[in-house]
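Input: a single structure, listed below in structure tokens.
Just so it is clear: chains get the letters A, B, ... in the order the sequence lines come, proteins before strands, and each one is counted from 1.
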There are 2 protein chains.
Amino acid sequence: MSDQLDTNGFTERQFLEQYDASQFDRPSVTVDMLIFTVANQVENNYRKLPPKTLQLLLIKRGEHPYLGHWALPGGFVQMNESLDEAAARELRSETNIDQIYMEQLYTWGDVQRDPRTRVISCSYMALVDSHSLLVQAGEDADEAAWFDLTYQVLEEKKVNRNDGHEKETTIELRLQHNDMMLNAVIKITNITKGRNTRITREVMDSSGLAFDHARMIQYGLERLQNKIEYTDIAFNLMAERFTLSELQQVYEIILGRDLLAAAFRRKVTDLVEPTDEYTKEAGHRPSRLYRYRS
Amino acid sequence: MSDQLDTNGFTERQFLEQYDASQFDRPSVTVDMLIFTVANQVENNYRKLPPKTLQLLLIKRGEHPYLGHWALPGGFVQMNESLDEAAARELRSETNIDQIYMEQLYTWGDVQRDPRTRVISCSYMALVDSHSLLVQAGEDADEAAWFDLTYQVLEEKKVNRNDGHEKETTIELRLQHNDMMLNAVIKITNITKGRNTRITREVMDSSGLAFDHARMIQYGLERLQNKIEYTDIAFNLMAERFTLSELQQVYEIILGRDLLAAAFRRKVTDLVEPTDEYTKEAGHRPSRLYRYRS
DNA sequence: ACAATAGTGTCTATTAGACATTATATT
DNA sequence: AATATAATGTCTAATAGACACTATTGT
């Protein structure tokens, strides 16, 4: 600690003693969790592999605002916990699992994004293995549900200006749980002026989704798609043992496109370790089980 | 707005009217700016190209805490401005330039990171072209200075455990402005347990740098190094017209390694547009000037 | 002429994509 | 036997790295 005196003649200790944070207006801060998993869909054909779906956990709000709407699990950051700790706490309270992959995504700070008061929200992404999730749902009274997440690019538009250009991408998110279907449309705008590019994300429409959570979901999906290409995070979505076809399926639903098996296997061989086990009763040639080589 | 009543029998409007944010403790929120530029060093040999340095703008603190220490420019987020707006305001007040590349980096929320009170800080990175920076420094009384930023990996350690492994990387940052040299040592720890990896950054030593700004700088440098590989952000550091050798120099000091000219030129040809101009009086073969193809 | 950089050609190794081929348990 | 997937081989195109070679200015 410095002994220097400030313009009021205070030492650092004296300054800190008289410091009163309450003299300034402060926003509230929350964490919001994007909890992704990949689950098997039921398949009636005994020969076919069960297709997989990317799922996201949502909570039905029991309070104002957005009462009855679905929202990302989250809550206010307490004064005695770090952001990571707050995120881990929320995660634990929803999934009952520790040791989950978790990563901070982005902090959303628009002035009017919450009707209650100024709320700044730090979003996190977590990836969980659906097999270890048998102990599903929390002890909370809240209604929680895994929604199948799909998306579609509705429109791509490029407008040229004299000092640059503008690119608009309109994306529709679809979140489905049983009969319930939530839709959201997000417009992503890239404005380029000279060498400068600015990107904004607007929620154009969001039926049944609370706050600006639709764009948080779109942002998280994009991050997941990017990171799966150059990191090993996909293994957080896998069971302890898995086949290379299952691993490929996970990559395919996240990236939204088919991959060639030969090239895929070449790319992941160094990341996995073969076990001596094989799948059984599959209706076709059995597949070797692998584990992640950490 | 929903007409549903909550458990207290309130409509959403009634709920919002009685909502009192002040009943909860709230942290303070700041933005901190990493403003990078690349500048020419003076070179006495008339034949040689001037070497470039990566520079970062720091402000000498005139108040407690960390009075007299150097800090990233930044300040509290006001209630009527978004995070991006707060960052743009800080940037304008230091550089007097608009239309600067700016990107949110990471939000730092450790409980004790500020001795005054609980402060959560959202860090941003900005890239500016040093040539357009002739109007340097702000009108503030603060002392601002561009520090040359270099770094060195001091140690890489890998410890195997039975349930995983730990990787520690110790990095020294050096910030130099004239005779002034600030040093900071950051320890980055990757803890892998099973399939789960968690990463932490600790400031081990930080002479003359305020708060936890050393790790913000290390994080920003890492992001810059990653993003320069797969995006066009480097052009934000260039003048309107530049030679391909200058562009290569910028890549080299950011990445910290030499690149082969032939391969580099192949990679950037689609990103640039040749002009009819050439450098003059260079002491060697003149070089064609290019501009960014946006 | 010389120093220093600018700019290009080419060989090689590596990698990704495309597609064909063989293998095998289950019903 | 039929089916669906598992697993591998091979050809091709594209790309990155290495390095040599030529070009061009100012002093």
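For A:Phe235, the ring-ring contact (aromatic ring centres under 6.0 Å, His included) test picks out A:Phe242, A:Tyr292, with sequence neighbours left out.
To the nearest 0.5 Å, atoms OG1 (B:Thr279) and CZ (B:Arg288) are separated by 11.5 Å.
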Contact pattern, 5' to 3', of nucleotides 3-10 of chain C - B, S or - by protein heavy atom under 4.0 Å: BBBBSBBB
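Between A:Leu260 atom CG and D:dA6 atom P the separation is 15 Å, expressed in whole Å. Between the NZ atom of A:Lys280 and the P atom of C:dT24 there is a distance of 18 Å, given to the nearest Å. Distance A:Asp258 CG to C:dC19 C1': 15 Å, rounded to the nearest Å. What separates CG of A:Leu259 from C1' of D:dA6 is a distance of 16 Å, to the nearest Å. Distance B:Glu281 CD to D:dT27 P: 7 Å, rounded to the nearest Å. Spacing between atom NZ of A:Lys267 and atom P of D:dA7 amounts to 19 Å, rounded to whole angstrom units.
No donor-acceptor contact under 3.5 angstrom links the side chains of B:Tyr219 and B:Arg215, judged on distance only.
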Side-chain polar contacts of residues 174-184 of chain A - donor-acceptor pairs under 3.5 angstrom, sequence neighbours left out - could you list them?
| residue | atom | partner | partner atom | Å |
| --- | --- | --- | --- | --- |
| A:Arg174 | NH1 | A:Gln152 | OE1 | 3.4 |
| A:Arg174 | NH1 | A:Glu172 | OE1 | 2.9 |
| A:His177 | ND1 | A:Trp146 | O | 3.1 |

Check residues 153-165 of chain A and write down every donor-acceptor pair under 3.5 Å in which the side-chain atom is one partner and the other belongs to a residue at least two apart or another chain.
| residue | atom | partner | partner atom | Å |
| --- | --- | --- | --- | --- |
| A:Arg161 | NH1 | A:Glu166 | OE1 | 2.8 |
| A:Arg161 | NH2 | A:Glu166 | OE1 | 3.2 |
| A:His165 | NE2 | B:Ser294 | O | 3.0 |

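In DNA chain C, consecutive stretches of 3 or more Watson-Crick or G-U wobble pairs with both distances under 3.5 Å are given as paired ranges: C:1-27 with D:1-27.
Residue pairs meeting the side-chain hydrogen bond (donor to acceptor under 3.5 Å, both in side chains) criterion with at least one member in residues 249-272 of chain A, sequence neighbours excluded: A:Glu229-A:Arg257, A:Gln248-A:Glu252.
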